[in-house]
Asks: 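The structure is given below, and queries will be raised subsequently.
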Protein chains: 6
Amino acid sequence: MPQPDHVMALPVPETPDLDPDMAALFAKCEEKLGFVPNVLRAYSLRPKKLRTFAQLYNELMVGESGLSKLEREMIAVVVSSANHCYYCLVAHGQAVRKLSGDPELGEMLAFNYRAAKLEPRQRAMLDFAWKLTKEPWTMGEPDRQALRDAGFGEEDIFDIADTAAFYNMSNRVASAVDMMPNRDYHKQDR
Amino acid sequence: MPQPDHVMALPVPETPDLDPDMAALFAKCEEKLGFVPNVLRAYSLRPKKLRTFAQLYNELMVGESGLSKLEREMIAVVVSSANHCYYCLVAHGQAVRKLSGDPELGEMLAFNYRAAKLEPRQRAMLDFAWKLTKEPWTMGEPDRQALRDAGFGEEDIFDIADTAAFYNMSNRVASAVDMMPNRDYHKQDR
Amino acid sequence: MPQPDHVMALPVPETPDLDPDMAALFAKCEEKLGFVPNVLRAYSLRPKKLRTFAQLYNELMVGESGLSKLEREMIAVVVSSANHCYYCLVAHGQAVRKLSGDPELGEMLAFNYRAAKLEPRQRAMLDFAWKLTKEPWTMGEPDRQALRDAGFGEEDIFDIADTAAFYNMSNRVASAVDMMPNRDYHKQDR
Amino acid sequence: MPQPDHVMALPVPETPDLDPDMAALFAKCEEKLGFVPNVLRAYSLRPKKLRTFAQLYNELMVGESGLSKLEREMIAVVVSSANHCYYCLVAHGQAVRKLSGDPELGEMLAFNYRAAKLEPRQRAMLDFAWKLTKEPWTMGEPDRQALRDAGFGEEDIFDIADTAAFYNMSNRVASAVDMMPNRDYHKQDR
Amino acid sequence: MPQPDHVMALPVPETPDLDPDMAALFAKCEEKLGFVPNVLRAYSLRPKKLRTFAQLYNELMVGESGLSKLEREMIAVVVSSANHCYYCLVAHGQAVRKLSGDPELGEMLAFNYRAAKLEPRQRAMLDFAWKLTKEPWTMGEPDRQALRDAGFGEEDIFDIADTAAFYNMSNRVASAVDMMPNRDYHKQDR
Amino acid sequence: MPQPDHVMALPVPETPDLDPDMAALFAKCEEKLGFVPNVLRAYSLRPKKLRTFAQLYNELMVGESGLSKLEREMIAVVVSSANHCYYCLVAHGQAVRKLSGDPELGEMLAFNYRAAKLEPRQRAMLDFAWKLTKEPWTMGEPDRQALRDAGFGEEDIFDIADTAAFYNMSNRVASAVDMMPNRDYHKQDR
């Protein structure tokens with residue numbers, strides 16, 4: 001049974017009435033990626049939210065940080081694995097494959113990050129992200145100290161928390177509206 | 001043992017180097033609320049994230065939507081209850097008390113929303129938010145249809161999802177860094 | 001939607017046929033508290049159980065013990081938080097506010113006791129109560145030893161166990177019959 | 001490795017200083033059962049609690065009720081199964097075997113009550129008890145209505161709730177202090 | 001309500017068309033046990049699977065191994081306890097009673113193995129089996145090292161894993177098809 | 001950090017002492033697949049178990065059944081997703097990609113099968129497998145009836161149960177010993 005080509009279960013404007021900056025963002029995606037990520041098309045149902053989401057996302061994932069871009073993508077995949085989020089596992093699994101040059105690593109983080117043999121720094125980061133996703137109410141000073149012991153600074157801890165938290169948001173938007181990832185991701189960087 | 005007066009477990013800049021728009025936001029908070037919410041002071045450790053967070057939050061909670069401001073705060077409290085988030089339960093519990101004029105309702109939503117006798121529309125909205133928080137991977141068409149049956153439109157469904165998802169993010173940032181709410185909330189609107 | 005003024009979802013005798021000692025208890029409540037706690041009115045549906053419940057409760061909460069009255073109420077609130085019991089969180093949250101003189105502490109224990117900065121003795125006591133509530137089958141000697149290390153004696157350990165266990169009972173009676181707390185608690189000791 | 005002959009992990013008075021009514025209770029147990037149940041010997045560490053516990057227990061299990069004594073024991077076993085309580089499963093499993101005359105039924109309720117082919121009335125009662133044990137915060141009118149549909153009256157619903165709740169208490173006391181059942185139960189009514 | 005005498009909820013061939021080796025197995029069971037275990041009769045619905053199941057089972061439970069036969073049965077019971085499998089708890093509980101000569105041990109392992117006072121070797125083995133049953137994705141080198149520290153060799157670790165894993169399979173077949181144990185087990189070795 | 005090339009965390013015989021039939025199986029794998037699946041190499045630590053495992057597996061996955069080979073692989077992937085088993089998700093994800101000719105389907109089943117738009121027959125089959133994996137003790141007649149309603153016969157129900165149960169076994173062996181899949185699977189059938 002072939003999968004239908006849908007963006008999400010809610011109606012998506014065919015020609016969304018985008019403000020110039022958002023239209024520019026869509027055009028830039030088409031140019032750089034060859035497509036507009038479906039998450040952006042989905043948010044175009046609520047154009048003002050599209051802008052604040054895109055700005056937050058951009059700062060989070062490509063802004064200055066003590067975490068490398070790959071590390072942020074690793075957190076994205078591990079949180080999405082804990083939440084079984086199809087959209088984010090496909091899109092960010094591809095990002096991990098690309099940034100790491102290691103297709104197996106993408107699979108490992110999506111399926112069970114504990115199967116990967118990681119440097120202690122990255123293992124500590126992902127353990128923190130998993131626990132924060134599953135049982136946020138149990139977080140305490142020992143969890144933060146484990147990050148410091150692994151070499152992270154105070155701002156890095158904030159960024160790990162913020163990044164893991166963000167994917168707990170985007171996973172839930174995607175799951176709630178049945179958002180489907182663009183098919184282009186599947187074949188890339190295998 | 002008196003509780004210390006801290007903003008979070010990570011260091012907070014005493015005099016953060018804020019851009020003019022963020023300085024204006026802090027000033028506006030002081031003027032309108034009498035204090036700067038600690039969540040904003042915490043984010044000032046990462047000033048660029050402060051801006052994108054504040055913009056997203058503002059659009060989410062006071063922007064135009066088919067959900068009333070009270071309904072958005074109700075979602076905030078119920079999600080925070082599922083995640084046992086002290087900061088958000090204090091801050092948004094106060095908001096529910098104020099906007100509803102019903103202090104008991106604030107307690108009910110914080111302790112167990114099922115104890116409240118709600119209109120079917122609001123009960124459906126909160127059931128959706130709770131399930132999306134606890135088991136996002138199980139969401140499906142029947143969950144969206146239950147919202148439609150309760151009178152919500154397609155954009156409203158997006159906003160319910162987006163609001164519940166946002167508090168799954170902010171709950172986790174707060175829990176990860178031990179963010180404490182301003183003490184002013186406790187006595188208000190009792 | 002205003003909340004109805006009900007005691008529980010099962011019928012409550014308007015003028016229960018109370019034995020003299022129970023009638024005296026009701027009168028004493030009216031005199032000291034200004035109202036009869038709804039839990040007692042609910043139990044009056046089964047007058048003989050009312051007596052044995054009241055006797056057990058009285059010995060547990062005001063009888064002689066190595067645990068202070070505040071500590072017993074702290075356990076009550078934390079167990080009720082784990083069980084999301086609206087009735088007990090309202091009633092015993094007020095008791096913590098009153099006995100501690102610290103309204104924030106009441107909120108912290110109800111929302112997430114880990115947010116509170118507690119003396120090691122009290123933290124150990126509440127960790128034991130939470131674990132006993134959530135996964136009683138995993139309790140073992142290390143859990144008891146942690147209480148001894150925090151300064152508790154053998155009888156104190158029995159009392160911590162007994163108190164936490166009791167609220168696992170009363171939380172479930174309250175939840176099963178939709179028991180509502182008297183409204184008087186809400187404004188007290190804020 | 002032979003199991004030691006202990007009552008609980010806390011010290012038990014060899015010759016407890018019992019008030020006359022409690023001494024009479026112990027004597028009656030010796031006479032009728034041939035032994036004093038270890039739960040009573042354990043509570044003799046706190047003699048005043050022994051009395052209130054014994055009174056509550058007695059009213060609950062042998063007092064007048066719309067639930068038969070077997071039905072109350074069935075609830076005891078199913079709740080104890082959900083809580084993996086060794087003491088209560090041994091002691092009340094024996095009671096089910098004796099009162100029902102059906103040793104298999106005792107095993108079924110202890111291992112997985114859903115394996116038993118029960119009358120709808122009893123299945124409804126046990127489903128209610130299991131859910132109340134596992135997720136008390138989700139109980140609502142549909143759960144009570146299911147009991148009414150199975151033929152239970154309002155007082156019966158109170159008694160089902162109260163009985164299931166009681167074993168959530170006693171399971172936790174037993175688990176917290178490593179209470180061991182008297183060995184006599186094992187061979188009885190097989 | 002007497003329990004019906006059924007093998008499973010799916011139809012069982014009255015006179016299964018067994019190959020000679022399987023017919024011999026059934027005959028041997030009749031001779032040695034006095035009955036054919038219902039699990040074998042259930043599998044006779046799919047005769048080829050009967051053979052591969054019987055061969056695997058036989059190698060697992062009576063083949064050469066560093067684990068004693070009792071230890072293998074202990075694992076069977078503890079895994080079945082975690083999975084609440086009626087069939088396996090009855091059949092293997094009897095095996096533990098018989099092989100250990102200790103009826104209490106059978107009950108302890110079925111109800112809550114943590115209640116048993118075990119040698120460190122056996123406790124480590126059962127902790128490993130329980131965790132592997134409940135959260136297989138969290139297993140790691142510390143879990144294997146705990147077995148080595150308790151005296152197990154590399155092949156023993158494989159056998160512990162394999163045995164615990166097998167009962168996670170057979171528990172699920174039994175639960176899925178409502179397989180009932182032969183009644184003969186109940187009275188044996190009490 | 002490149003992933004090491006290991007078969008499992010326990011020692012694997014470099015030149016296992018295989019009986020002729022097992023040596024033939026290894027040779028056949030080399031010829032048909034180009035490699036010996038690591039699960040077989042891992043089992044060669046216990047050569048007799050290798051044989052019974054291989055025989056059971058073979059009957060299960062390629063023997064005659066009302067379930068197509070693709071359907072059996074779909075169950076394998078969904079069970080392994082519930083158990084976060086890296087080995088089985090890699091190996092059987094590839095099998096789904098190959099047998100279905102649909103790489104997206106492999107990803108969907110591995111990440112969250114509810115994201116896939118499936119025929120009712122297959123959705124019912126996978127819902128049964130997921131529930132049997134997560135909460136086997138709750139299975140009952142309604143679950144079997146849902147399979148019948150979706151068109152499955154009695155033997156098919158046995159096979160669905162048996163297949164889902166098998167992967168609950170193999171997932172746990174793989175997780176317990178840190179079994180790694182052959183790298184060849186990753187690039188195949190993308």
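Lettering follows sequence order; numbering is per chain, from 1.
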Asks: What residues of residues 133-140 of chain B sit under 4.5 Å from chain A when only non-hydrogen atoms are counted?
Replies: T133(B), K134(B), P136(B), W137(B), M139(B)

Asks: Flag the one option from F158(B), Y43(B), F166(B) with the top tally of heavy-atom pairs under 4.5 Å to chain A.
Replies: F158(B)

Asks: Going by residue number, which parts of residues 6-32 of chain B are within reach of chain A, meaning a heavy-atom gap below 4.5 Å?
Replies: M8(B), A9(B), L10(B), P11(B)

Asks: Can you tell me if CD on E64(B) sees more than 12 non-hydrogen neighbours from other groups inside 6.0 Å?
Replies: no

Asks: Do any of residues 173-190 of chain B come closer than 4.5 Å to chain A, heavy atom to heavy atom, and if so which ones, in number order?
Replies: V173(B), S175(B), A176(B), V177(B), D178(B)

Asks: Counting only heavy atoms from other residues, nucleotides and ligands, does the tally under 6.0 Å from NZ of K131(A) exceed 12?
Replies: yes

Asks: Side chain from CB out, backbone as N, CA, C, O: work out which of these in N171(B) comes under 4.5 Å of a heavy atom of chain A, or both, or neither.
Replies: neither

Asks: Quick one: which residues of residues 47-63 of chain B reach chain A at under 4.5 angstrom, heavy atoms only?
Replies: K48(B), K49(B), T52(B), F53(B), Q55(B), L56(B), E59(B), L60(B)

Asks: Which atoms of A129(A) are under 4.5 Å from chain B, going by heavy atoms: the side chain, the backbone, both sets, or neither?
Replies: neither

Asks: How long is the straight-line distance from OG1 of T163(B) back to CE of M169(A), given to the nearest 0.5 Å?
Replies: 10.5 Å

Asks: Is chain B contacted by the side chain of S170(A), its backbone, both, or neither, given a heavy-atom distance below 4.5 Å?
Replies: neither

Asks: Heavy-atom distance under 4.5 Å to chain B: side chain of F128(A), backbone, both or neither?
Replies: side chain

Asks: Closest heavy-atom contact between N168(A) and R172(B)?
Replies: ND2-CD, 3.2 Å

Asks: Might you work through the salt bridge (charged side-chain N to carboxylate O under 4.0 Å, His left out) test for R46(A) and D162(B), ending with a clear yes or no?
Replies: CA-CA 10 Å; R46(A) 301 281 287 117; D162(B) 190 42; over 6 Å; no

Asks: Measure D143(B) against the heavy atoms of chain A and call it side chain, backbone, both or neither at under 4.5 Å.
Replies: neither

